[in-house]
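Structure first, then comments.
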Amino acid sequence: MTQAKLIDGKAFAENLRGRVAAKVAKLQDAHGVTPGLAVVLVGEDPASQVYVRNKGKQTVECGMHSFEHKLDASTSEADLLAVVEKLNADDAVHGILVQLPLPDHIDEAKVINAITPDKDVDGFHVINSGRLMTGQEAMVPCTPLGCLMLIKDTLGEDLSGKRAIVVGRSNIVGKPMAQLLLDANCTVTIAHSRTQDLPGECRRADILVAAVGRPEMIKGDWIKPGACVIDVGINRIPAPEKGEGKTRLVGDVDFAGAEQVAGSITPVPGGVGPMTIAVLLANTVTACCRSLGVAEPEA
Ligand code: GUN
């Protein structure tokens, strides 16, 4: 039995934020421009409030401008679209993120697709999905891009010929993740709830990305010895061993079993989670440079 190398997403994200800050400083020096990220939150969902607070804090820590728009849960779709239009037209705003989920009376797709694609730092606009799918310059969704960075940091830049499996087919993680791995010349399988012999499919993979939102579903004996395992899941489950009513966070992979077999694995928490905001900040710098028509500074 081996013990997998732990992939430290927290440390990687910290380092990435440092590089983003260095790029921001260079952009200010060379062009007198400070990248700006606008985040729109509708309603009072507690998890969303935490995300938005962290995004704002980290944006400012990187030297960028943070614009927060907090709207009442009863805000109409038309009023939200008007806010998006204002941000689209604002030259100080290089990236726009509308925090999801939105209240039920608002059409999420309509709002996301109202964002100017070049400011869509989440990469959720259909234009950006299409650009990614066809190999054009796109804004790439943050979580899958962060996963790719961790995979390349672990296995090296060249992933050619590796077998990869992405478990989960969401528009936000699974599909763009599969596309990024395909672009990196992996042989990619996308697995989902109707996949036959999921354990067998997983066992063939040199790279396994789990993004299904089902606690500890992927077992240790589903993993190819030495594989790189990236766990996107963040699931809260009861933890009676910690005391009555206590909970703990687990991924989509049974970590205790998987770490005995995998070559490398992301923990939960501290793996993929911290990458999302760091990549969002990096995407904002990218969007700013593209809007100025300048090359992204080295860092
Ligand atoms: N809600 C949870 N994660 C995200 C994210 O990455 N982007 C947006 N827009 N909403 C979210």
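Counting starts at 1 for both ligands and their atoms, in listed order. Below, all heavy atoms of this structure are taken into account, side chains as well, without hydrogens, waters or symmetry copies.
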Check ligand 1 for N or O atoms under 3.5 Å from a protein N or O and list each pair with its distance.
{"from": "ligand 1", "atom 1": "1 (N)", "to": "Gln99", "atom 2": "NE2", "distance (Å)": "3.0"}
{"from": "ligand 1", "atom 1": "1 (N)", "to": "Leu100", "atom 2": "O", "distance (Å)": "2.9"}
{"from": "ligand 1", "atom 1": "7 (N)", "to": "Asp122", "atom 2": "OD1", "distance (Å)": "3.1"}
{"from": "ligand 1", "atom 1": "7 (N)", "to": "Asp122", "atom 2": "OD2", "distance (Å)": "3.3"}
{"from": "ligand 1", "atom 1": "9 (N)", "to": "Val98", "atom 2": "O", "distance (Å)": "2.8"}
{"from": "ligand 1", "atom 1": "9 (N)", "to": "Asp122", "atom 2": "OD2", "distance (Å)": "2.6"}
{"from": "ligand 1", "atom 1": "10 (N)", "to": "Leu100", "atom 2": "N", "distance (Å)": "3.0"}

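Remark: Arg248 fails to qualify as a cation-pi partner of Phe255 under the 6.0 Å distance and 45° angle criteria applied to the six-membered ring.
Asp231 places no side-chain N or O within donor-acceptor distance of the main-chain N or O of Thr266, the cut-off being under 3.5 Å. The main-chain N or O of Leu150 is found under 3.5 Å from a side-chain atom of Thr154 such that the two form a donor-acceptor pair.
In this structure, a donor-acceptor pair under 3.5 Å is present between the side chains of Gln3 and Glu259. Between Asn54 and Gln58, the side chains place no donor N or O within less than 3.5 Å of an acceptor N or O (distance only, hydrogens not considered).
Atoms CG and NZ, from Leu102 and Lys110 in turn, are 13.0 Å apart once rounded to the nearest 0.5 Å.
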